[in-house]
Amino acid sequence: MKENLQNHLPEISGAIIGLLLAFCFLWLGFFKTIFVIVMLVCGLIVGHFWPLLKKLMNK
């Protein structure tokens, strides 16, 4: 069971993300869902580069 789960983890993750996205489109609507996705991506980018920015500011 554990090996089967590990072998199909990308497909399972994609299915769960797709299901959550579908619920967001139904619950929030198109433009609000797109706004949430854009803000999520912006947060991911800032979170990814935050340690680098802190290093640059300390120099």
Side-chain angles (χ1 to χ4, degrees):
M1 175 76 174
K2 192 173 184 178
E3 290 177 10
N4 196 19
L5 181 64
Q6 288 177 345
N7 289 338
H8 298 289
L9 190 60
E11 292 90 355
I12 294 169
S13 298
I16 292 171
I17 290 170
L19 182 65
L20 290 173
L21 192 59
F23 280 129
C24 284
F25 275 115
L26 291 173
W27 185 49
L28 296 174
F30 179 77
F31 290 108
K32 288 181 183 178
T33 301
I34 297 300
F35 177 74
V36 168
I37 291 170
V38 168
M39 291 295 109
L40 177 70
V41 170
C42 289
L44 286 169
I45 291 169
V46 168
H48 179 75
F49 288 111
W50 191 260
L52 178 63
L53 292 173
K54 288 176 100 174
K55 282 184 183 178
L56 290 175
M57 296 299 278
N58 290 335
K59 288 186 178 183

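This is a predicted model, so every value here is computed, not measured. Side-chain atoms are counted along with the backbone in the values below, which use heavy atoms only and exclude waters and symmetry mates.
Every residue meeting the side-chain contact (heavy atoms from CB on, under 4.5 Å) condition with Leu44, not counting sequence neighbours, appears here in chain and number order: Leu40. For Phe31, there are no side-chain contact (heavy atoms from CB on, under 4.5 Å) partners, not counting sequence neighbours. Partners of Ile45 according to the side-chain contact (heavy atoms from CB on, under 4.5 Å) rule, which considers only residues two or more places apart in sequence or in another chain, are Val41, Phe49. Applying the side-chain contact (heavy atoms from CB on, under 4.5 Å) criterion to Leu19, with sequence neighbours excluded, gives Phe23.
Of all the heavy atoms in Asn7 and Pro10, the pair that sits closest is O-CD, 4.4 Å. Between Ile34 and Phe25 the shortest heavy-atom distance is CD1-CZ, 4.3 Å.
Side-chain heavy atoms closer than 4.5 Å link hydrophobic residues (I, L, V, M, F, W, Y) into clusters, and following such links, possibly through other members, connects Phe30 to Met39.
Through direct or relayed side-chain contacts under 4.5 Å between Ile, Leu, Val, Met, Phe, Trp and Tyr, Leu26 connects to no other residue.
Counting only residues at least two apart or on different chains, the side-chain hydrogen bond (donor to acceptor under 3.5 Å, both in side chains) pairs with a member in residues 8-19 are Asn4-His8.
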